[in-house]
Trainee: 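Mind looking over this structure? Questions follow.
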Number of protein chains: 2
Amino acid sequence: MAEQASERISEAELAVMEVLWADAPLTAMDVAERIDPARGWSDRTVKTMLGRLLAKGVLAFEEDGRRYLYRPLVERAAHVAGSTRQLVDRLFGGRAAPLVAHLAENHALSDDDIAELEALVRELRK
Amino acid sequence: MAEQASERISEAELAVMEVLWADAPLTAMDVAERIDPARGWSDRTVKTMLGRLLAKGVLAFEEDGRRYLYRPLVERAAHVAGSTRQLVDRLFGGRAAPLVAHLAENHALSDDDIAELEALVRELRK
DNA sequence: TATTGACGACTACGCGTGTAATCCATTACG
DNA sequence: CGTAATGGATTACACGCGTAGTCGTCAATA
């Protein structure tokens with residue numbers, strides 16, 4: 001079987017994926033232009049990331065003349081799910097409730113968040 | 001000022017920290033013995049981790065004759081908070097509620113979890 | 001007392017990551 | 001047409017990480 005979905009996406013690579021999750025397909029230059037300028041990346045760096053993501057099998061490209069048009073092969077939701085599971089497993093004994101409790105304890109929840117949670121819980125209870 | 005608390009703890013290092021968060025101070029051998037055998041680590045590896053954690057300023061030691069007794073300098077809760085915040089920032093736009101929503105959508109919440117959440121929300125609403 | 005073993009300190013080494021620079025082919029421009 | 005710009009491929013390089021091995025020293029033991 002081919003590369004399993006478990007290919008790890010690093011922090012820097014994630015910045016590139018986010019661009020492509022927001023809009024694809026894009027050329028390397030397109031991607032570079034949409035990377036947060038705060039990162040101060042050179043185009044070369046973006047190219048490197050694209051190459052590595054291709055190698056990891058999480059991106060695909062189609063040729064557009066001399067250039068490539070890149071598109072994600074993995075969905076953002078899948079990445080989010082994997083990363084979240086990892087956190088829950090590593091630090092919360094694999095259970096989600098303690099994570100939510102932690103968020104609550106740390107005042108990480110705004111009033112709006114709490115209101116949203118209430119709605120969520122009502123929804124879940126059904 | 002000395003090493004800031006933001007020193008990163010790697011996955012392997014975390015295994016060592018967990019042992020010391022559970023019980024400290026401990027000698028290097030004590031720690032090695034309490035590491036999950038499933039990791040198949042040699043004592044040397046554990047020593048290396050202890051050294052690196054000392055260098056990072058997240059552990060301290062006191063001499064006990066010829067050996068060291070290691071103890072954590074950072075609290076588990078602080079590490080958990082940092083890691084959680086990082087996930088929330090990176091993948092959930094810095095807001096906790098979407099994370100909880102994600103957990104819900106992914107059926108990551110058991111009935112018990114939901115009951116716990118209800119109680120939590122009731123508590124938060126006060 | 002001479003040897004052996006336990007300890008921390010230092011060294012090793014291959015792979016991933018962050019951050020590019022260089023190479024080579026092709027295309028666009030003067 | 002010759003030269004520069006553009007685009008992907010390859011190479012670079014330092015640092016962190018996973019996983020130890022080696023060195024020098026001190027203590028226990030035969």
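Lettering of chains follows the sequences in order, A, B, ..., and the numbering in each one begins at 1. Quick caveat: nothing in here was measured; it's all calculated off a predicted structure.
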Trainee: Can you see if the side chain of B:S10 gets near the phosphate of D:dG18 - specifically, an N or O under 4.0 Å from OP1 or OP2?
Mentor: yes

Trainee: Reading DNA chain C from 5' onward, which residue's closest nucleotide shows up sooner: A:R52 or B:R52?
Mentor: B:R52

Trainee: Over all heavy atoms of both residues, which pair between A:Y70 and A:T27 is shortest? Give the atoms and the distance, please.
Mentor: CD1-C, 4.3 Å

Trainee: So do B:L50 and B:F61 actually touch side chain to side chain, heavy atoms under 4.5 Å?
Mentor: no

Trainee: Mind checking whether B:W21 and B:H79 have parallel, tilted or perpendicular rings, split at 30° and 60°?
Mentor: tilted

Trainee: So, does A:T27 get its side chain near the phosphate of D:dG7, meaning an N or O under 4.0 Å from OP1 or OP2?
Mentor: no

Trainee: Any idea which heavy atoms bring A:A104 and A:L109 closest together, and the distance?
Mentor: CA-CD1, 3.7 Å

Trainee: Below 4.0 angstrom, N of the basic side chain to O of the carboxylate: do B:R39 and B:E11 qualify?
Mentor: yes

Trainee: B:R66 has a side chain; which of C:dG5, D:dG18, C:dG8 sits nearest to it?
Mentor: C:dG5

Trainee: Among residues at least two apart in sequence or on other chains, which ones pass side-chain hydrogen bond (donor to acceptor under 3.5 Å, both in side chains) with B:R52?
Mentor: none

Trainee: Would you indicate which nucleotide in C:dG18, C:dT17, C:dG8 comes nearest to any side-chain atom of A:K56?
Mentor: C:dT17

Trainee: At a heavy-atom distance below 4.0 Å, what parts of residues 39-48 of chain B sit against DNA chain D?
Mentor: B:G40, B:W41, B:S42, B:R44, B:T45, B:T48

Trainee: What I want to find out is whether B:E13 reaches B:R8 closely enough, with some N-O distance under 4.0 Å, to be called a salt bridge.
Mentor: no

Trainee: As a check on the pairing definition, encode DNA chain C in dot-bracket form, counting Watson-Crick and G-U wobble pairs whose two distances are under 3.5 Å, and using | for partners outside this strand.
Mentor: ||||||||||||||||||||||||||||||

Trainee: With the threshold set at 4.0 Å, does a side-chain nitrogen-carboxylate oxygen contact exist between B:R95 and A:E116?
Mentor: yes

